[in-house]
Amino acid sequence: MASIGRAIVRVPKKVKKGEVFKVQMVIIHPMETGLRKDPKTGKKIPAHYITHVDFYFNDKLVTRINSSPGISKNPYFAIKMKAQESGTLKIVYEDNKGNKWEKSVNITVEG
Amino acid sequence: MKRREFIKLTALTALGVFLGSGALRSASAKITLEEALKKHLGVGLSQIKESDKVKIKAPSIAESGANVPIQVSADVPVEQVESLHIFVDKNPNPFIASVDFSPMNGEVFFATRIKMGATSPVRAILKLKDGTYLMASKEVKVTVGGCG
């Protein structure tokens, strides 16, 4: 799990002004519930999961997702949004162990 | 005859062990849907009305409870919506996720993949800015649970 916290974000290359488009992402993360036991040692594996994901466009908060261990391993999230001008979509996400990551993508608005 | 009895017995024992472990686990940490709703929304199920304005897409039968795709949308302007909350009745903790919207979302939409421990309704509850709640639910059959 060396790549834990790595994310892949997919957005359209270009969008029209005010057009609603989809933002999809996958985060590499184990999403342990804390209920599962290690089959080798019989000990409980501590809970380890993404707690929230914030989407900022040009530093304005668009959406917050409050997550839980009920979300599958390597979480997939998709939301929709619209933009009036080109800019940067910054996605900030954290887990319950205090790890924090961010990933930015550019969005080009034409017309 | 003997062989048949033997098979029956082993089958019953296996079932007993399976049910027993399930019961033990649920007794240790299980939260009911009603408790989860009160904690996250501050209201009970009776105060939430079903509405066909909320749409939830999920498979009728999930191959694996570890990975059930769901998608929620709504025929309600996003400007009137505060947040969306996803619950699975039969999970050890029914709360799955919530989403806070803003007008920049353009429309109400959320998709993800969730874990399900057993066959259960999946509920999408929309909290509107006027303080009311709208809900859609979909029963998903799970053959192999994924909450381990």
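So that the names make sense, note that chain A is the first sequence line, chain B the second, and so on, each numbered from 1.
Using a distance-only test at 3.5 Å, with no hydrogens or angles considered, no donor-acceptor pair links the side chain of S68(A) to the main chain of A97(B). For T63(A) (side chain) and F101(B) (main-chain N/O), no donor-acceptor pair under 3.5 Å exists by modelled atom type.
For E63(B), the CD atom sits in a loose shell: 12 or fewer heavy atoms of surrounding residues, nucleotides or ligands are nearer than 6.0 Å. Atom NZ of K13(A) sits in a sparse spot, with 12 or fewer heavy atoms from other residues, nucleotides or ligands closer than 6.0 Å. D59(A) CG: 12 or fewer foreign heavy atoms inside a 6.0 Å radius.
Contacts with chain B were tallied for V53(A), L61(A), V62(A); V62(A) has the most, counting heavy-atom pairs under 4.5 Å. Note on I79(A), I45(A), N66(A): by heavy-atom pairs under 4.5 Å with chain B, the leading option is N66(A).
Two residues are said to be in side-chain contact when any heavy atoms from C-beta on lie closer than 4.5 Å; T33(A) and K115(B) meet this criterion.
The distance from atom OG of S102(B) to atom CZ of R64(A), rounded to the nearest 0.5 Å, is 13.0 Å. Of the inter-residue distances, the one linking D100(B) atom CG with D54(A) atom CG reads 8.5 Å to the nearest 0.5 angstrom.
Of the two parts of S67(A), only the backbone, made up of N, CA, C and O, holds a non-hydrogen atom closer than 4.5 Å to a non-hydrogen atom of chain B. Residue contact with chain B, scored on non-hydrogen atoms closer than 4.5 Å, is absent for F55(A). Heavy-atom distances place the backbone of P103(B), and not its side chain, under 4.5 Å from chain A.
Here the shortest heavy-atom pairing between S72(A) and A66(B) reads OG-O, 2.8 Å. Pairing each heavy atom of N74(A) with each of R113(B), the nearest pair is O-NH2, 4.2 Å.
Proximity to chain B among residues 81-93 of chain A is limited to M81(A), K82(A), judged by heavy-atom separations below 4.5 angstrom. For a heavy-atom cut-off of 4.5 Å, chain B lies close to V20(A), K22(A) in residues 15-23 of chain A. Listed in order of number, the residues of residues 32-41 of chain B that approach chain A to under 4.5 Å between heavy atoms amount to none.
For Y133(B), there are no side-chain hydrogen bond (donor to acceptor under 3.5 Å, both in side chains) partners two or more places apart in sequence or in a different chain.
Hydrophobic clustering (ILVMFWY, side-chain heavy atoms < 4.5 Å, transitive): I107(A) and V9(A) are in one cluster.
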Checklist entry - How far apart are the C-alpha atoms of V99(B) and F77(A), what are their side-chain angles, what is the distance that settles it, and do they pass the side chain to side chain contact (heavy atoms under 4.5 Å, CB included) test? => result CA-CA 11 Å; V99(B) 185; F77(A) 296 114; over 6 Å; no
